Amino acid sequence: MTATVKYDEVTVGQEIPAVEYGVRRLNLVMYAGASGDFNQIHWNERFARMVGLPDVIAHGMYTMAQAGRFVTDWAGDPGAVVDYGVRFSSMVVVPDDDQGATITVSGVIEEKLEDKQVVIGLTAKSADTRVLSKARAIVQLT
């Protein structure tokens, strides 16, 4: 596969529209199984509160994965991501109800590099709180 976004069609400052990703407890249990991270703060409300958290929280890497998914969906090819990194700045609290939580990810083209690569600055929020900071991806376009 190759990226479906064309280098010549993007501009610095161009915004990539926000996408919302729902997170429910079931997603966290499934992620725990896939990642092997069964820390109780990600599925046991009683334990999470006992250690001082407001409720069960999403895995940091799950949150990071949703922002990565945003980039790969935009680019049209997971292999187009050349570099990707974030810092975790807050938690995604996931209540045990029918709605769960929402992670909203948006982006902006920050820089056009040589070889048809772009730097995308990402914003990821949950409950109006920024959950990732310094989130950046370098993507190889066509």
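In this text, all values refer to a predicted model and were calculated from it rather than measured experimentally. The analysis underlying the following values was restricted to heavy atoms, covering all of them including side chains, and did not include hydrogens, waters or symmetry mates.
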Which residues pass the side chain to side chain donor-acceptor pair (under 3.5 Å) test with [X], sequence neighbours left out?
X     : result
Gln40 : Asn44
Arg24 : none
Glu20 : none

(message) Using every non-hydrogen atom in the two residues, find where Gly85 and Met64 come nearest and quote the distance to one decimal.
(response) CA-CE, 4.4 Å
(request) Over all heavy atoms of both residues, which pair between Ser126 and Ala101 is shortest? Give the atoms and the distance, please. (result) OG-CB, 4.3 Å
(message) Can you list everything that forms a salt bridge (Lys or Arg N to Asp or Glu O under 4.0 Å) with Arg136? Sequence neighbours excluded, please.
(response) Glu110
(message) side chain to side chain contact (heavy atoms under 4.5 Å, CB included), that's the test. Do Trp74 and Ile120 meet it? Break it down for me.
(response) CA-CA 11 Å; Trp74 173 79; Ile120 302 172; 3.4 Å; yes
(message) In this structure, would Met61 and Val56 fall into the same cluster of hydrophobic residues linked by side-chain contacts under 4.5 Å?
(response) yes
(request) Starting at CG of Asp37, measure out to NE2 of His42 and round the result to the nearest 0.5 Å. (result) 4.5 Å
(request) Output the distance between atom CG (Leu122) and atom OG (Ser133), rounded to the nearest 0.5 Å. (result) 11.5 Å
In the structure I gave you, are the side-chain heavy atoms of [X] and [Y] within less than 4.5 Å of one another anywhere?
X      : Y      : value
Val81  : Ile138 : no
Thr142 : Thr4   : no
Leu28  : Met30  : no

(message) Show me the pairs that pass side chain to side chain donor-acceptor pair (under 3.5 Å) and involve residues 95-105, at least two apart or across chains.
(response) none
(request) Can you tell me which residue pairs pass the side chain to side chain donor-acceptor pair (under 3.5 Å) test with a partner in residues 75-91, sequence neighbours excluded? (result) none
(message) Going by the rule side-chain contact (heavy atoms from CB on, under 4.5 Å), which residues pair with Thr63 if we only count those two or more places apart in sequence or in a different chain?
(response) Ala58, Val92, Ile103, Val131, Leu132
(request) Only counting residues at least two apart or in another chain, list the ones meeting side-chain contact (heavy atoms from CB on, under 4.5 Å) with Val29. (result) Trp43
(request) For atom NZ of Lys125, decide whether the heavy atoms of other residues, nucleotides or ligands shown that lie under 6.0 angstrom number more than 12. (result) no
(request) Enumerate the residue pairs fulfilling ring pair (Phe, Tyr, Trp, His ring centres under 6.0 Å) with a member in residues 9-32, sequence neighbours excluded, ordered by first and then second residue. (result) Tyr31-His59, Tyr31-Tyr62
(request) Hey, could you give me each pair passing salt bridge (Lys or Arg N to Asp or Glu O under 4.0 Å) that has a residue in residues 39-67? Not counting sequence neighbours. (result) Arg25-Glu45, Arg25-Asp55, Glu45-Arg49, Arg49-Asp55
(message) Under the criterion side chain to side chain contact (heavy atoms under 4.5 Å, CB included), I'd like the reasoning laid out for Gln117 against Val139: C-alpha separation, chi angles, the key distance, then a yes or no.
(response) CA-CA 5 Å; Gln117 293 182 351; Val139 180; over 6 Å; no
Can you give each donor-acceptor pair under 3.5 Å made by side-chain atoms of residues 5-15, sequence neighbours left out, with the distance rounded to 0.1 Å?
{"from": "Tyr7", "atom 1": "OH", "to": "Leu113", "atom 2": "O", "distance (Å)": "2.8"}
{"from": "Gln14", "atom 1": "OE1", "to": "Thr11", "atom 2": "N", "distance (Å)": "3.0"}

(request) Using side-chain contact (heavy atoms from CB on, under 4.5 Å) as the criterion, point out the one residue from Val71, Ile109, Asp73, Val105 that pairs with Ile16. (result) Ile109
(message) Taking transitive links into account, so neighbours of neighbours count too, which hydrophobic residues share a cluster with Ile57 at under 4.5 Å side-chain distance?
(response) Ile41, Phe47, Met50, Val51, Leu53, Met91, Val93
